[in-house]
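Beneath this line is the structure, given in structure tokens, with notes to follow.
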Amino acid sequence: DSKGTDVYRDKEGTGVYMLFPDWAYKPAWSPGSRQVQLWHFLLELLGRGEGGAIGWGGEWGEFVIRDPERLARLWGERKGKPHMNYDKLSRALRYYYNKRILHKTKGKRFTYKFNFSKLILVNYPEGSQCVKAKAWVTS
DNA sequence: GACGGAAGCA
DNA sequence: TGCTTCCGTC
């Protein structure tokens, strides 16, 4: 544990391990949790390595939405919004630009990037545990 | 597709 | 406050 996102390189040197704090994974309606936030949900799917609707991109913190409408449907199910679609979900992502949670990877379709340092600095609570997720780096 | 204003909702 | 809904613009 530490104040930042912990990063470990694996033995093969092909990937890095990241430690996300537990609030990024807290289920929507578990005791003590607030309404799930979109970027928590994205980290949850990415950390799970679920691999279908969303996945890590080439750069650190970058992710690619592989199936926008499926991601929107999953998000809609979580929030109880059956008419959610990528147009609406992407508007929510664009509100993250000014909050400095995310930014767009320009020129790359469906590709965004987390500003991890800001995320951790602002939201890391006292005494939280971490869970391990895996992110791949290129070359 | 991506952007961002505007209004609405809990 | 953090989206959701809708939409005009590029």
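Below, read A as the first sequence line, B as the second, and so on, with proteins coming before strands; counting in each chain starts at 1.
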[X]: which residues meet the side-chain contact (heavy atoms from CB on, under 4.5 Å) condition with it, sequence neighbours left out?
X	value
A:Lys113	A:Glu59, A:Glu62, A:His103, A:Thr105
A:Asn85	A:Glu69, A:Asp87, A:Lys88
A:Phe110	A:Ile65, A:Pro68, A:Tyr86

All side-chain hydrogen bond (donor to acceptor under 3.5 Å, both in side chains) counterparts of A:Tyr97, not counting sequence neighbours: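 Applying side-chain hydrogen bond (donor to acceptor under 3.5 Å, both in side chains) to A:Tyr97 gives none.
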Within the sub-3.5 Å range, which N or O atoms of nucleotides 6-10 of chain B have a protein N or O partner, and how far apart are they?
residue : atom : partner : partner atom : Å
B:dA6   : N6   : A:Tyr95 : OH           : 3.3

If only side-chain N and O atoms of [X] are considered, is one of them under 4.0 Å from the OP1 or OP2 phosphate oxygen of [N]?
X	N	value
A:Lys88	C:dT4	no
A:Lys99	C:dG2	yes
A:Lys104	B:dC3	no
A:Trp75	C:dT4	yes

Value rounded to 0.5 Å, distance of CG in A:Leu43 from CG in A:Leu38: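 That separation rounds to 10.0 Å.
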Candidates C:dT4, B:dC3, C:dC3 - which lies nearest the side chain of A:Lys81: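 Nearest nucleotide to the side chain: C:dT4.
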Presence of donor-acceptor pair under 3.5 Å, side chain of A:Arg94 and base of B:dG4: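 Yes, a donor-acceptor pair under 3.5 Å.
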